[in-house]
Protein chains: 2
Amino acid sequence: MKAREFKKKIYNELAVTTKAIANPNRLRIIELLAQGASTVEYIAEQTGLSVANASQHLQTLKNARLVSSEKEGKYSIYRLAGPRVFEAWSALRELGLSQNAEISRLMDDYRNEHETLEMVSVEELVKRVDKDEVFLVDVRPRHEYEAGHILSATSFPRDEIRQHIKNLPKNKDIIAYCRGPLCAMADDVVSLLRRQGFNAKRLELGYPEWKANGLPVEESA
Amino acid sequence: MKAREFKKKIYNELAVTTKAIANPNRLRIIELLAQGASTVEYIAEQTGLSVANASQHLQTLKNARLVSSEKEGKYSIYRLAGPRVFEAWSALRELGLSQNAEISRLMDDYRNEHETLEMVSVEELVKRVDKDEVFLVDVRPRHEYEAGHILSATSFPRDEIRQHIKNLPKNKDIIAYCRGPLCAMADDVVSLLRRQGFNAKRLELGYPEWKANGLPVEESA
DNA sequence: AAAACATTCAATAAAATTATTGAATGTTGT
DNA sequence: ACAACATTCAATAATTTTATTGAATGTTTT
């Protein structure tokens with residue numbers, strides 16, 4: 001094959017893969033699937049897409065081999081097709097955070113409103129969890145917690161916060177985490193808990209980053 | 001701001017940034033700019049695009065803050081807007097190589113045709129360059145070599161190969177590198193040199209990866 | 001001042017991406 | 001067998017993306 005033809009085909013194919021990611025809904029779907037395998041219905045519910053539309057986006061990702069699916073009875077279970085998918089997603093997230101001023105602005109505004117004054121780094125959490133100094137809460141929907149969570153975290157879904165608030169210790173720092181740096185659930189919870197007098201902070205990253213780092217998790221069979 | 005609205009805006013913006021990359025010509029342009037700053041004309045010449053079209057793609061990248069430009073006389077000099085751009089590009093390249101079977105197939109085919117039997121890792125090159133065991137050649141266009149190259153490399157542009165072949169040592173391994181893992185120029189040179197009886201191999205990565213790793217380079221002022 | 005040059009702009013047509021809708025497929029539970 | 005259910009398919013219209021063309025802008029050289 002001629003060099004020119006080769007070059008053209010290579011970059012066309014690379015663009016095929018890249019275009020499969022380059023859509024707001026599919027970026028959300030990849031973040032969701034980074035939490036664990038999921039049905040079409042769950043994706044639709046969490047993103048607010050119609051089931052048909054969610055299915056169509058999942059097909060697009062599947063054609064690009066970024067996700068795989070298997071049939072289980074009447075359900076289709078989708079999952080990320082390999083570690084590179086989340087790695088590329090993370091690189092794009094970092095690119096967005098560093099180059100797109102509108103993203104940083106939106107994040108800063110949201111966090112100011114929610115008084116997310118302090119963030120805890122992964123290293124700090126590792127240390128303080130070992131010393132049993134903190135109470136770690138997973139504020140994602142229970143379903144995602146059950147698919148996999150940080151070892152020693154307690155499920156404390158944002159949407160059920162009022163039922164569970166009485167079980168929280170007043171004497172420990174409470175650290176909340178969710179789906180990752182772009183996820184607002186932990187901020188919402190920190191905001192509410194601080195107004196109730198708890199000493200709450202958010203983890204800077206989320207479950208998928210923790211897991212990708214090889215840190216201890218508990219996963220469902 | 002409401003959580004739902006925030007989420008929507010964040011992912012729309014992230015898609016804006018991602019879409020700016022998601023085009024075959026712009027992927028090539030980013031790879032070119034990773035070699036060093038460049039004029040519109042050079043980009044157009046290297047990609048085969050018309051100048052107007054190259055300019056338009058550069059505008060798209062500039063609007064997304066992925067490249068910056070400055071005027072120097074009648075020339076516009078474009079460069080990557082920060083290290084994250086090449087990092088994300090690299091992550092997408094790795095994603096393509098791992099998930100898109102057509103890319104691996106194209107690469108394998110091209111390399112079989114060109115007998116790129118052995119590749120040299122960066123670690124191996126570092127060791128052997130120190131011991132002066134190898135002759136390192138930069139096969140990119142001279143212009144890119146002059147903008148920046150691996151320390152101790154000799155310029156040996158693929159397109160001028162026949163004029164320079166007599167200056168090569170027969171007794172050393174010759175290692176050729178170019179723009180990166182997707183670049184075919186090093187393969188073309190290795191192929192030709194091997195047919196001439198030289199012991200030639202290609203570096204698995206390219207100049208931008210070497211530089212991003214903090215390894216020693218020589219850059220123009 | 002005029003010519004040469006590098007780049008950008010503006011308009012357009014062709015191609016692609018996207019969300020919506022309703023029907024079709026295939027599985028499970030009654 | 002039938003109803004309920006999860007998902008996929010197919011068709012469509014609206015929107016976005018893209019390459020092409022030729023003119024416009026602004027700089028350097030003659």
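Protein chains get the first letters and strands the later ones, always in sequence-line order, with residue 1 at the start of each.
Note on B:His57: a side-chain N or O is less than 4.0 Å away from OP1 or OP2 of D:dA19. Taking 4.0 angstrom as the limit, A:Tyr78 places none of its side-chain polar atoms (N or O) nearer than this to OP1 or OP2 of D:dA6. At the phosphate of C:dA6, neither OP1 nor OP2 sits under 4.0 Å from any side-chain N or O atom of B:Ser76. Residue B:Asn53 has no polar side-chain atom (N or O) positioned under 4.0 Å from OP1 or OP2 of C:dT8.
The nearest whole Å value for the distance from the NZ atom in B:Lys62 to the C1' atom in C:dT7 is 11 Å. Counting to the nearest Å, the P atom of C:dT7 and the CD atom of B:Glu70 are 13 Å from each other. Summarising the geometry, the separation between CG on A:Asn63 and C1' on D:dC9 is reported as 13 Å, rounded to the nearest angstrom. Atom pair A:Leu49:CG and D:dT7:C1' shows a separation of 15 Å (rounding to whole Å applied). Here C:dA16 presents its C1' atom at 15 Å from CG of B:Asn25, a figure rounded to the nearest Å. Distance CD1 (A:Ile21) to P (C:dT17): 15 Å, rounded to an integer number of Å. As rounded to whole Å, 16 Å separates atom P of C:dA11 from atom CD of B:Gln59. Atom C1' of nucleotide D:dA19 and atom CD1 of B:Ile29 are separated by 13 Å, given to the nearest angstrom.
Enclosure of atom CZ in B:Arg65 is not indicated, since only 12 or fewer non-hydrogen atoms of other residues, nucleotides or ligands lie within 6.0 angstrom. Within 6.0 Å of CZ in B:Arg111 there are more than 12 heavy atoms belonging to other residues, nucleotides or ligands.
Annotation: ring pair (Phe, Tyr, Trp, His ring centres under 6.0 Å) contacts of B:His143 (sequence neighbours excluded): B:Tyr42. By the side-chain contact (heavy atoms from CB on, under 4.5 Å) test, A:Glu146 is found to be paired with A:Arg142, residues two or more places apart in sequence or in another chain being considered.
With ring centers used as reference points, B:Tyr207 lies 6.0 Å or more from B:Trp210.
Remark: side-chain polar atoms of B:Gln35 are paired, donor with acceptor, to backbone N or O of B:Arg179 under 3.5 angstrom. Panel note: side chain A:Ser191, backbone A:Asp187; no donor-acceptor pair is recorded below 3.5 Å. Looking at A:Arg79, its side chain never comes within 3.5 Å of a backbone N or O of A:Glu70 through a donor-acceptor pair. Counting only distance, with no hydrogens or angles, the side chain of A:Asn53 and the backbone of A:Leu49 share no donor-acceptor pair below 3.5 Å.
Note on B:Tyr42: nothing from the nucleic acid sits closer than 4.0 angstrom, heavy atoms only.
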Dump every N/O contact between nucleotides 22-29 of chain C and the protein below 3.5 Å, one line per pair.
none

All N/O contacts under 3.5 Å from nucleotides 12-17 of chain D to the protein, with atom names and distances to one decimal?
none

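Ring pair A:Phe6/B:Tyr110 is parallel by interplanar angle, where below 30° counts as parallel and above 60° as perpendicular.
Taking every side-chain heavy atom of A:Gln56 into account, D:dA10 is the closest of D:dA10, C:dT8, D:dT20.
Within the structure, no pair that satisfies the salt bridge (Lys or Arg N to Asp or Glu O under 4.0 Å) test touches residues 34-63 of chain A, not counting sequence neighbours.
A heavy atom lying under 4.0 Å from DNA chain D marks the following residues of residues 32-41 of chain A, by number: A:Thr39, A:Val40, A:Glu41.
Side chains of B:Tyr177 and B:Asp138: a donor-acceptor N/O pair is present below 3.5 angstrom, by distance only.
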